[in-house]
**Q** 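Quick one: the structure is below, questions incoming.
Atom set for the values below is all heavy atoms of this structure, side chains included, hydrogens, waters and symmetry mates excluded. Start at 1 with the first residue, then count along the sequence. From a predicted model like this one, the values you see are computed outputs, not experimental measurements.
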Amino acid sequence: MLKVKIVCVGKIKEDFFEKALAEYGKRLSRFCAFKIEEIAESRLNDETATDIARALEEEGKSILKKTDGLAVLLDRQGVEVSSCDVAKLLKSSADVKGGITFIVGSSHGVSHSVFQRADKVISFGKITFPHQLFRVVLAEQIYRGFTIINGSAYHK
């Protein structure tokens with residue numbers, strides 16, 4: 001069974017996001033081994049460029065330790081993808097050792113080392129999502145991708 005992981009920075013704070021993620025986790029269980037791994041957000045002392053770079057490096061080390069298989073970084077500057085593109089990405093990762101890891105950084109982004117490790121950098125558009133909501137959107141798109149692969153009526 002394909003391993004699909006979301007590695008993200010920070011914790012979910014709202015119960016309704018937790019419930020939505022649990023629902024998609026349940027739906028995904030018939031298609032893949034789905035897992036979300038949260039990385040602690042590095043503390044910023046003064047929000048200077050140097051401080052942010054330090055925090056991103058710390059977070060990056062933790063992200064890279066949890067990244068397996070095909071690494072897909074979600075970033076506004078990435079290539080815009082459709083739901084069908086996500087399905088193709090999932091299908092192409094079926095034979096990749098370690099499966100696929102989707103990476104969602106902090107509000108400041110990710111370190112250069114995470115960008116270098118990424119096999120693909122994708123975007124869900126030019127709008128900015130709150131990070132907690134984005135996890136739900138990503139989980140839904142992963143679910144939608146599997147329904148496309150399996151010919152389900154969910155994706156119309």
**Q** Donor-acceptor check, side chain of Asp75 to backbone of Val121, threshold 3.5 angstrom: yes or no?
**A**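 Absent.
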
**Q** Any non-hydrogen side-chain atom of His112 less than 4.5 Å from a side-chain atom of Gln116?
**A**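 Yes, side chains in contact.
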
**Q** Show the nearest heavy-atom pair for residues Leu56 and Ser106, with the distance to one decimal.
**A**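 Heavy atoms of Leu56 and Ser106 come nearest at CD2-OG, 3.8 Å.
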
**Q** Using a 4.5 Å cut-off on heavy atoms from C-beta on, say whether the side chain of Leu28 contacts that of Val4.
**A**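 No, too far: nothing below the 4.5 Å cut-off.
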
**Q** For the atom pair CG (Leu44) and OG (Ser107), what is the distance rounded to the nearest 0.5 Å?
**A**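 Here the rounded value is 8.0 Å.
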
**Q** Are Glu23 and Lys19 close enough for a salt bridge, meaning some N to O gap below 4.0 Å?
**A**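 No, this pair does not count.
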
**Q** NE2 of His108 to CD1 of Ile52: how many Å apart, nearest 0.5 Å?
**A**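 Reported value, rounded in 0.5 Å steps: 4.5 Å.
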
**Q** Within the distance-only criterion (no hydrogens, no angle test), does the side chain of His131 pair as donor or acceptor with the backbone N or O of Lys11 below 3.5 angstrom?
**A**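 Not confirmed, His131 side chain does not pair with Lys11 backbone.
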
**Q** Can you name the closest pair of heavy atoms from Leu70 and Ser93 and give their distance?
**A**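 Looking at all heavy atoms of both residues, the shortest contact is CD2-CB, 4.0 Å.
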
**Q** Just checking Gln77: does its CD atom have more than 12 heavy atoms from other residues, nucleotides or ligands closer to it than 6.0 angstrom?
**A**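 No, the 6.0 Å shell around CD holds no more than 12 heavy atoms from other groups.
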
**Q** Distance from Ile148 atom CD1 to Leu90 atom CG, nearest 0.5 Å?
**A**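 Taking CD1 in Ile148 and CG in Leu90, the distance rounds to 9.0 Å.
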
**Q** Kindly give the heavy-atom pair with the smallest separation between Ala71 and Arg117, and that separation in Å.
**A**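 Closest approach of Ala71 to Arg117, heavy atoms only: CB-NH1, 3.3 Å.
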
**Q** Please determine if Arg135 and Glu38 form a salt bridge, counting it only when a charged side-chain N lies under 4.0 Å from a carboxylate O.
**A**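 Looking at Arg135 and Glu38, the cut-off is met.
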
**Q** Checking the side chain of Gln132 only, and the main-chain atoms of Lys13 only, is there a donor and an acceptor separated by less than 3.5 Å?
**A**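 Side chain of Gln132 to backbone of Lys13: a pair is present.
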
**Q** Quick one: does Leu89's side chain get under 4.5 Å of Val72's, heavy atoms only?
**A**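 Yes. Closest side-chain heavy atoms under 4.5 Å.
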
**Q** Could you tell me which non-hydrogen atom of Ala87 sits nearest to which non-hydrogen atom of Gly145, and how far apart they are?
**A**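 Heavy atoms only, the tightest pair is CB-O, 3.4 Å.
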
**Q** Return the minimal non-hydrogen interatomic distance between Ala139 and Leu21, and the atom names on each side.
**A**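 Closest approach of Ala139 to Leu21: CB-CD2, 3.9 Å.
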
**Q** Starting from the C-alpha separation in whole Å, work towards a yes-or-no answer on side chain to side chain contact (heavy atoms under 4.5 Å, CB included) for Lys126 and Arg76.
**A** CA-CA 6 Å; Lys126 296 180 184 200; Arg76 303 182 263 229; over 6 Å; no

**Q** Please tell me whether Phe102 and Phe146 are part of a single hydrophobic cluster in this structure, the criterion being side-chain heavy atoms less than 4.5 Å apart.
**A**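 Per the 4.5 Å side-chain linkage, Phe102 and Phe146 are co-clustered.
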
**Q** May I ask whether Val86 and Leu74 are part of the same hydrophobic cluster, defined by side-chain heavy atoms of I, L, V, M, F, W, Y residues being less than 4.5 angstrom apart, directly or through others?
**A**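 Cluster IDs for Val86 and Leu74 match.
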
**Q** Would a hydrophobic clustering, with Ile, Leu, Val, Met, Phe, Trp and Tyr connected at side-chain separations under 4.5 Å, put Ile127 with Val104?
**A**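 Result: yes, single cluster for both.
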
**Q** Do Ile39 and Phe17 sit in the same hydrophobic cluster, where Ile, Leu, Val, Met, Phe, Trp and Tyr count as joined when their side-chain heavy atoms come under 4.5 Å apart?
**A**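 Shared cluster, no.
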
**Q** Do the side-chain N and O atoms of Thr50 and Thr48 include a donor-acceptor pair separated by under 3.5 angstrom?
**A**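 No, Thr48 and Thr50 have no side-chain donor paired with an acceptor closer than 3.5 Å.
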
**Q** When rounded to the nearest 0.5 angstrom, what is the spacing between CD1 in Ile149 and CZ in Arg144?
**A**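 One gets 13.0 Å once the value is rounded to the nearest 0.5 Å.
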
**Q** Measuring from atom CD1 of Ile12 to atom CD1 of Ile36, what distance do you get when rounded to the nearest 0.5 angstrom?
**A**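 It is 7.0 Å, given to the nearest 0.5 Å.
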
**Q** Measuring only between side-chain heavy atoms, which start at C-beta, is Ser111 closer than 4.5 Å to Glu59?
**A**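 No, too far: nothing below the 4.5 Å cut-off.
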
**Q** Are Val79 and Ser123 packed together at the side-chain level, in the sense that at least one heavy-atom pair is separated by less than 4.5 angstrom?
**A**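 A side-chain contact under 4.5 Å is absent here.
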
**Q** Are Val114 and Ile103 close enough that some pair of their side-chain heavy atoms sits under 4.5 Å apart?
**A**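 Val114 reaches Ile103 side chain to side chain.
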
**Q** Roughly how far, to the nearest 0.5 Å, is the OG atom of Ser83 from the CD1 atom of Ile142?
**A**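 OG of Ser83 is found 11.5 Å from CD1 of Ile142.
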
**Q** For Asp68, does its backbone N or O pair with a side-chain atom of Thr101 as donor and acceptor, under 3.5 Å?
**A**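 Side chain of Thr101 to backbone of Asp68: a pair is present.
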
**Q** Would you say the ring centers of Phe124 and Phe129 fall short of 6.0 Å from each other?
**A**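 When the ring centroids of Phe124 and Phe129 are compared, they turn out to be at least 6.0 Å apart.
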
**Q** Using a strict 4.0 Å threshold on nitrogen-to-oxygen distance, state whether Lys61 and Glu57 make a salt bridge.
**A**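 Judged by the 4.0 Å cut-off on N to carboxylate O distance, Lys61 and Glu57 do not form a salt bridge.
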
**Q** Using the rule given for side-chain hydrogen bond (donor to acceptor under 3.5 Å, both in side chains), can you reason through Asp85 versus Ser82, listing the C-alpha separation, both sets of side-chain angles and the distance that settles it, and then say yes or no?
**A** CA-CA 5 Å; Asp85 293 330; Ser82 67; 3.2 Å; yes

**Q** Is it the case that the side chain of Glu37 and the backbone of Ile63 share a donor-acceptor pair, with hydrogens and angles ignored and the cut-off at 3.5 Å?
**A**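 No.
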
**Q** Hydrophobic clustering (ILVMFWY, side-chain heavy atoms < 4.5 Å, transitive) - are Val137 and Tyr24 grouped together?
**A**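 In one cluster with Tyr24: Val137, yes.
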
**Q** Under 3.5 Å, is there a donor-acceptor pair linking the side chains of Ser152 and Asn150?
**A**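 Ser152 vs Asn150: no donor-acceptor pair found between side chains.
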
**Q** Taking the side chain as every heavy atom from C-beta outward, state whether Leu2 and Phe31 have any pair of such atoms under 4.5 Å apart.
**A**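 No, too far: nothing below the 4.5 Å cut-off.
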
